[in-house]
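To start, the structure under review is shown below, and the notes come after it.
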Amino acid sequence: MSNFLNINTPTFVAGLDTGFLYDTEPSPLNDLIPVEVFMFTSIPQRCGLFSVMTEYGSQHARVPIHYLRSLNQTNQTNYPLDWIQLWDSLSYYSSATILEYCKNRAAMIWLKDHTQHKAKYLFTLDWCLGAQYSNGYSEFASGHKTGHLFEGEGGQYFIQPNNRVLWLDGGAWITKKLNKPDWKIFSKEFSCEHTGSRWVSESDEELYFYTFKERTD
């Protein structure tokens, strides 16, 4: 189910860059305070924003994604915000789901300089339109972007769409090497009822097993 503005997420432990607490820029040289991350705030034209609880009992809302770092990594990367998240939130309406098929799976993220960065999957964000927000690309076939949240091997967190990720598989399914393909963005939108509009119910009666007939007009 999609939620408006604030979305409960699977809880995970991270480090909050203390630059957030002093209104300064994030840096791998800053101290990290352990936090539990538990909510995502989705605002169009804004980067991923998270709510966290510190060990001191202070709660902080709308923490930008680049102020969060993994506590498990020692070789910290320092990619800029537009590298770790390509697209802002697409709507005020969003959902957060752990895709069981991808749970704990590793992946390679294609960065802006065409290098790849290994990361671990956490959960997936997705967007749609709603009563208070009926504009934007969240439901356009060619403009929609799913956002997979990853923990990078360099300590940073990433929100990346499908077309920037190559998944790795410990089993036997993913066995082919993929060079840069010439695939195109799928832009078609289909409606079953629009396609079938030349057909009408054969009877005005409320029959359980009703039949159809094709329009002749």
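Any value given below was found using the heavy atoms of this structure, including those in side chains, with hydrogens, waters and symmetry copies removed. Because the structure is a prediction, the values reported are computed rather than measured.
- Rounding to the nearest 0.5 angstrom, the gap separating the CG atom in Leu166 from the CD atom in Gln116 is 6.0 Å.
- Nearest heavy atom pair, residue Ser58 against residue His60, reads OG-NE2, 3.0 Å.
- Remark: Arg69 is not positioned above the aromatic ring of Tyr67, lacking an NZ or CZ atom under 6.0 angstrom from the ring centre and at most 45 degrees off the axis.
- Lys112 NZ: more than 12 foreign heavy atoms inside a 6.0 Å radius.
- Contact of the Lys145 side chain with the Asn162 side chain is not registered, since no non-hydrogen atoms from C-beta on lie closer than 4.5 Å.
- Criterion: ILVMFWY side-chain heavy atoms under 4.5 Å apart, direct or through other members. Under it, Leu71 and Leu122 are not part of a common hydrophobic cluster.
- Thr124 places no side-chain N or O within 3.5 Å of a backbone atom of Ile98 that could act as its donor or acceptor partner.
- Formation of a donor-acceptor pair under 3.5 Å by the Arg46 side chain with backbone atoms of Ser42 is not found in this model.
- Panel note: side chain Gln85, backbone Gly48; a donor-acceptor pair is recorded below 3.5 Å.
- Taking CZ of Arg164 as the reference point, atom CD1 of Ile159 lies at 15.5 Å (rounded to 0.5 Å).
- Annotation: the span from Asp88 atom CG to Cys47 atom SG amounts to 7.0 Å, rounded to 0.5 Å.
- Tyr56 and Val13 fall into different hydrophobic clusters, where Ile, Leu, Val, Met, Phe, Trp and Tyr residues are linked whenever their side-chain heavy atoms come under 4.5 Å apart, directly or through other members.
- In this structure, Trp167 and Phe150 have tilted ring planes: the angle between them lies in the 30° to 60° band.
- Close placement of the Tyr79 and His117 rings is indicated, their centers lying within 6.0 Å of each other.
- Other residues, nucleotides and ligands contribute over 12 non-hydrogen atoms within 6.0 Å of the CD atom of Gln59.
- Without hydrogens or angle criteria, Thr18 side chain to Asp31 main chain gives a donor-acceptor distance under 3.5 Å.
- Looking only at side-chain heavy atoms (C-beta outward), Phe50 and Met39 stay at 4.5 Å or farther from each other.
- Side-chain contact check for Val165 versus Trp110: every heavy-atom pair is 4.5 Å or farther apart.
- Residues Leu16 and Leu32 form no side-chain contact, since every pair of their non-hydrogen atoms from C-beta on lies 4.5 Å or further apart.
- In this structure a side-chain-to-backbone donor-acceptor pair under 3.5 Å is missing from Thr97 to Leu99.
- Side-chain atoms of Glu55 never come within 3.5 Å of backbone atoms of Ile33 as a donor-acceptor pair (strictly under, hydrogens ignored).
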Could you walk me through whether Ile43 and Arg62 pass the side chain to side chain contact (heavy atoms under 4.5 Å, CB included) test, one step at a time? CA-CA 10 Å; Ile43 301 177; Arg62 302 190 181 183; 3.7 Å; yes

Test side chain to side chain donor-acceptor pair (under 3.5 Å) on Gln156 and Thr77; report intermediate values, then the result. CA-CA 7 Å; Gln156 290 182 282; Thr77 57; 2.8 Å; yes

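- Cluster membership check: Phe38 does not share its hydrophobic cluster with Ile7, using side-chain heavy-atom separations under 4.5 Å among Ile, Leu, Val, Met, Phe, Trp and Tyr.
- The shortest side-chain heavy-atom distance between Phe20 and Pro64 falls under the 4.5 Å cut-off.
- Taking CG of Leu5 as the reference point, atom OH of Tyr92 lies at 8.0 Å (rounded to 0.5 Å).
- Put simply, Leu81 and Val52 are part of the same group of oily side chains (I, L, V, M, F, W, Y) that touch within less than 4.5 Å, one to the next.
- Within the 6.0 Å centre-distance limit, the rings of Tyr157 and Phe12 are counted as a close aromatic pair.
- The distance from atom CG of Leu29 to atom CG of Asp17, rounded to the nearest 0.5 Å, is 9.5 Å.
- Taking the six-membered ring for Trp and the full ring otherwise, the centers of Trp83 and His66 sit at least 6.0 Å from each other.
- Atom CG of residue Leu49 and atom OG of residue Ser89 lie 6.5 Å apart, to the nearest 0.5 angstrom.
- Between the side chain of Asn78 and the main chain of Ser27, no donor-acceptor pair closer than 3.5 Å is present.
- Clustering ILVMFWY residues whenever any of their side-chain heavy atoms sit less than 4.5 angstrom apart, transitively, puts Leu111 in the very cluster that holds Ile84.
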